[in-house]
K.L.:
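Structure below; questions to follow.
Quick note on labels: first sequence line is chain A, next is B, and so on, each numbered from 1. Scope of the values below: all heavy atoms of this structure, side chains included, with no hydrogens, waters or symmetry mates.
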Number of protein chains: 2
Amino acid sequence: MSYSIKEIAKIMGITPSTLRYYDSEGLLPNVKKVNGRRVFEDKDFKWLRVLNCMKNINMPIKKIKEYVKLAQKGDATLQERYNLILQQKESIQKQINELNTCLKEFEFKEWYYKTAIEAGTEKVVENISSISPTLEIDKIPKNYKKEGK
Amino acid sequence: MSYSIKEIAKIMGITPSTLRYYDSEGLLPNVKKVNGRRVFEDKDFKWLRVLNCMKNINMPIKKIKEYVKLAQKGDATLQERYNLILQQKESIQKQINELNTCLKEFEFKEWYYKTAIEAGTEKVVENISSISPTLEIDKIPKNYKKEGK
DNA sequence: ACTTGACTTAAAGTTAACTTTAACTTGTAT
DNA sequence: ATACAAGTTAAAGTTAACTTTAAGTCAAGT
């Protein structure tokens, strides 16, 4: 089975232009061309899924290109690719942790506004602040000293 | 207790320039000025934490500004702010889900490369692909029909 | 009085990731 | 044969989110 750029774009939820841009940046290796047109085959899907993942975790295009280039060099770069994957795994974990902390903050806000709406005014809740510390600020001890030279 | 822009920047892990930029975009309401200089007080911290959260969940500055403006209008906008919070909560959930799916993909890759490195070559594993479907691609039924007009 | 260091603004510059435009090719339908 | 739809490239344009620069203010220390 083979697919046109339009079909692949639809499946990936992006525009054909973006796919062409990715190709121009070297993110789509091994994509065939027939009569000058890109033709995507089943084997390309495996990579498209990974590419999609890499985009989802906010890997910059430069970094993805780096990975693609390593992969094209074959077995000699296995260790390097492994390291890159581990590094990205950590980054994902960090992002998930951050999002979970923020989710708590937003759950607090949800309660905050629900309560305020019921009371008709924010005054009822405005001195209450979320407990979850997301910022260094919340970790500052009470006797925090500013740095003096 | 009051803090200079430099101290706040350090605490938030950004540069003073970025804080000034945020201020110029209206993201730092109610920040005092003494002799033309910004002075941050304890009461500003509550908002800085929320701002930090909003940045972490990739809320665009425009959207954050929108929220700030609503908040400044007082009780009349409680419902609107509540809705905005709910909307963002959903967005966070979606992001967490995406990241978790990608984490699985990367955990597969970790195994993939570990196995390949042990064997000395990728050939041992290269036909195996992760099972977790992250892309519409993986949900396409075998008898997928392209659209015909 | 003068230098220093930390601040200020306004405006221009940067970067990443697209997006749009313009001019062109090609296979299919009428 | 001709028109049309869908693709192509190269290059210019856009947008968000900063970052840098230049020129200036201000309080404290020597």
K.L.:
Among dA17(C), dT9(C), dT8(D), find the nucleotide with the atom closest to the side chain of Lys33(B).
P.N.:
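So the nucleotide nearest the side chain must be dT9(C).
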K.L.:
Under 3.5 Å, is there an N or O donor on one side and an acceptor on the other linking the side chain of Arg37(A) and the base of dT26(C)?
P.N.:
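Indeed, a donor on one side and an acceptor on the other fall under 3.5 Å apart.
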K.L.:
Would you indicate which nucleotide in dC18(C), dT8(D), dC7(C) comes nearest to any side-chain atom of Thr18(A)?
P.N.:
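Among the listed nucleotides, the one closest to the side chain of Thr18(A) is dC18(C).
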K.L.:
Under 4.0 Å between any heavy atoms, over every strand shown, what does Arg38(B) touch: base, sugar-phosphate, or nothing? Just pick one.
P.N.:
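Here Arg38(B) touches the backbone only, sparing every base.
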K.L.:
Among dA27(D), dA17(D), dC18(C), which is the nearest nucleotide to the side chain of Lys55(A)?
P.N.:
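Shortest atom-to-atom distance from the side chain points to dC18(C).
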K.L.:
Measure CG/Leu27(A) against C1'/dA16(C) and give the value in whole Å, please.
P.N.:
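Atom-to-atom, Leu27(A) to dA16(C), this comes out as 13 Å.
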K.L.:
Rounded to whole Å, please give me the gap between CG in Leu19(B) and P in dA6(C).
P.N.:
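Spelled out: CG on Leu19(B) to P on dA6(C) is 17 Å.
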K.L.:
Looking at side-chain heavy atoms only, is the closest gap between Ile85(B) and Tyr67(B) below 4.5 Å?
P.N.:
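The answer is yes; the side chains approach within 4.5 Å.
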K.L.:
Base, sugar-phosphate, or nothing: which does Thr15(A) touch, judged by heavy atoms less than 4.0 Å apart?
P.N.:
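Sugar-phosphate contact only - Thr15(A) comes under 4.0 Å of backbone atoms but never of a base.
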K.L.:
Rounded to whole angstrom units, what separation is found between the CD atom of Glu25(B) and the C1' atom of dT19(D)?
P.N.:
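Checked: the CD to C1' distance equals 14 Å.
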K.L.:
In this structure, how many angstroms lie between the C1' atom of dC18(C) and the OH atom of Tyr21(A), rounded?
P.N.:
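Distance check: Tyr21(A) OH to dC18(C) C1' gives 6 Å.
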K.L.:
Would you say Ser4(B) places a side-chain N or O within less than 4.0 Å of OP1 or OP2 belonging to dA6(C)?
P.N.:
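No, because none of the side-chain N or O atoms of Ser4(B) sits under 4.0 Å from OP1 or OP2 of dA6(C).
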K.L.:
Whole angstroms only, please: what is the NZ-P distance between Lys6(A) and dT8(D)?
P.N.:
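My rounded result for the distance is 12 Å.
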K.L.:
Quick one: is Tyr22(B) getting a side-chain N or O under 4.0 Å of the dC18(D) phosphate, OP1 or OP2?
P.N.:
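The answer is yes; a side-chain N or O of Tyr22(B) sits under 4.0 Å from OP1 or OP2.
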K.L.:
Within this structure, what is the CD-CG distance for the pair Gln95(B) and Leu99(A), rounded to the nearest 0.5 Å?
P.N.:
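So the gap between those two atoms works out to 5.0 Å.
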K.L.:
Would one find more than 12 heavy atoms of other residues, nucleotides or ligands at under 6.0 Å from atom NZ of Lys62(A)?
P.N.:
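No, not enclosed.
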K.L.:
Taking CZ from Arg20(B) and P from dA10(C), how many angstroms apart are they, rounded to a whole number?
P.N.:
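Value for this atom pair: 13 Å.
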K.L.:
With a 4.5 Å limit on heavy-atom distance, are the side chains of Arg38(B) and Arg20(B) in contact?
P.N.:
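Result yes, sub-4.5 Å side-chain heavy-atom pair found.
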K.L.:
May I have the distance from Ile5(A) (atom CD1) to dA6(D) (atom C1'), rounded to whole angstrom?
P.N.:
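Interatomic distance, CD1 of Ile5(A) to C1' of dA6(D): 11 Å.
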K.L.:
Specify the separation, in whole Å, of atom NZ of Lys62(A) and atom P of dT14(C).
P.N.:
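Roughly 15 Å, once rounded to whole Å.
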K.L.:
Go through dT9(C), dT26(C), dA16(C) for me and flag the one nearest to the Asn35(A) side chain.
P.N.:
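Ranking dT9(C), dT26(C), dA16(C) by closest atom to the Asn35(A) side chain puts dT26(C) first.
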K.L.:
Have a look at Pro60(A) and say if it touches a base, only the backbone sugar-phosphate, or nothing, with a 4.0 Å heavy-atom cut-off.
P.N.:
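It contacts sugar-phosphate atoms only.
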K.L.:
Testing Lys109(B), Lys104(B), Glu105(B) one by one against Cys53(A) for a side chain to side chain contact (heavy atoms under 4.5 Å, CB included), which residue passes?
P.N.:
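Checked Lys109(B), Lys104(B), Glu105(B) against Cys53(A); only one passes side chain to side chain contact (heavy atoms under 4.5 Å, CB included): Glu105(B).
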K.L.:
Give one of base, sugar-phosphate or nothing for Lys63(B), where a contact means two heavy atoms less than 4.0 Å apart.
P.N.:
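Nothing, no nucleic acid heavy atom in range.
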